[in-house]
Amino acid sequence: MSETVPTSWLVYCRPGFESDALSELQHHAALQGIACESSRGEGWVSLTRVDGEAVNDLHRQAAFKKLIFARQSLAALPALTLSRDDRLTAILDQVKASRWSFEEIWHETPDTNDGKALAGLIKALTKPLESMLKKRGALRRSAGARRLHIFWTDGDQVQLAMSFPGNRSDLINGIRRLRFPSRAPSRSTLKLEEAWHEFIPRDEWEVRLAPHMQAADLGAAPGGWTWQLVQRGMYVYAIDNGPMESQLMKTGQIDHLKEDGFTWEPPQRLDWLVCDIVDKPVRVLAMVERWLIRKWCKEAIFNLKLPMKKRWDEVTRCLTALDESLDKAGVHANVSCRHLYHDREEVTVHVRLRD
């Protein structure tokens, strides 16, 4: 049997954002001069090399942490159509032909109702498949922390893919599910909490999200993001003409200023700027650039609301403009951007000044 190699770059994304995820993958393929054909379904897209060569270089060069719309990034084998009478044999045969070995198996589906409906079938197949793969030596204890992803798009449609440590999401389906705190004023609070998990290593929280730090929340009302800052023990300038949640104000850690977040200036340099204002990206970006260029904060997390079409184009335009503005001003910073699970028609940007 000849070896089967991964020829497709498979990523998961939020349903409805397939065009944006695909545009992003095509951008990275073009940078490497690799010709690919595309395919897509609800909640996923993939690129397949037209020359039939392995996709390893393309997958590895585009580091997962630098992707915006991808929830997961995988090197995938050709898709399989399974027999409903025997779903396991085709999977076992393809694993054998790939000569892959791995330390764990994740069964995943698109983030759709149809995908969720496959849970019972997957549960019934999980243990028998693991047992067979262990007997064949493919599933073993020491395999470089590689993980086999079995991506089910239907009861008889599946694609096998591999992920590698340091270049993947370590969350099932690439989704970080957070519990909504009942005392928080709004569900938007989860956006900031997820952003911290995404952009700040957990072992750095005690230093970078420390008590007694000072922060500004622009467009704060009713206080979903301010609530997160207060929970970390920070003092917050909450800038919004609207009312803040009354229980939150009783903490004594908030100075609510009924001013325009686009024009307000802090009394001194702050540790954090956060912003979830609903406005055109160009306006939000101009405001944040002013804060960063004048070094009014050390770190910033803000959302950019996106148009319904060509969202990838809008994001890249905004990030390029931000990089150019900071470079022109001689400001050195690390900039990251992700379409988080708790985002909707927006992306979240994190900036950390290096000086």
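Counting from 1, the numbers follow the sequence of the chain as shown. Predicted model, so just to flag it, every value in this text is computed and none were measured.
No more than 12 heavy atoms of other residues, nucleotides or ligands lie within 6.0 Å of CZ in Arg179, so this atom counts as exposed by the packing criterion. Residue Lys305 places its NZ atom among more than 12 non-hydrogen atoms of other residues, nucleotides or ligands, all under 6.0 Å distant.
With His342 as the partner, the side chain to side chain donor-acceptor pair (under 3.5 Å) test is satisfied by one option alone out of Glu193, Glu194, Lys191: Glu194.
A salt bridge between Asp111 and Arg14 is absent, with no side-chain N of the basic residue lying under 4.0 Å from a carboxylate O of the acidic one. At a threshold of 4.0 Å, the pair Arg317-Glu314 counts as salt-bridged, since one of the basic side-chain nitrogens sits closer than that to a carboxylate oxygen. The pair Lys116-Asp114 does not meet the salt-bridge criterion, since no charged nitrogen lies less than 4.0 angstrom from a carboxylate oxygen. A salt bridge links Arg208 with Glu299: at least one charged nitrogen is closer than 4.0 Å to a carboxylate oxygen.
Under the 6.0 Å distance and 45° angle rule, Arg147 counts as a cation-pi partner of Trp106. Note that Arg311 lies outside the cation-pi zone of Phe69, set by a 6.0 Å cut-off to the ring centre and a 45° limit from the axis. Cation-pi check for Arg338 over Phe64 is met; the charged atom lies under 6.0 angstrom from the ring centroid and within 45 degrees of its normal.
Put simply, the side chain of Gln253 gets close to the backbone of Met234: a donor and an acceptor are under 3.5 Å apart. With hydrogens and angles ignored, the 3.5 Å screen pairs a side-chain donor or acceptor of Gln159 with a backbone N or O of Leu77.
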Considering only distance and modelled atom types, tabulate donor-acceptor pairs under 3.5 Å from the side chains of residues 28-40, sequence neighbours left out.
residue, atom, partner, partner atom, Å
Ser39, OG, Ser46, OG, 2.6
Arg40, NH1, Ser19, OG, 3.3
Arg40, NH2, Ser19, OG, 3.2

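His212 has its ring centre no less than 6.0 Å from the ring centre of Tyr235. Between His197 and Trp205, the ring centre distance stays below 6.0 Å.
Using a 3.5 Å distance cut-off with no hydrogens or angles, the side chains of Arg140 and Ser101 do pair a donor with an acceptor. In this model, a donor atom of one side chain and an acceptor atom of the other lie less than 3.5 Å apart for Gln268 and Gln214.
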Please step through side-chain hydrogen bond (donor to acceptor under 3.5 Å, both in side chains) for the pair Arg71 and Tyr341, ending with a clear verdict.
CA-CA 8 Å; Arg71 290 179 173 177; Tyr341 176 69; over 6 Å; no
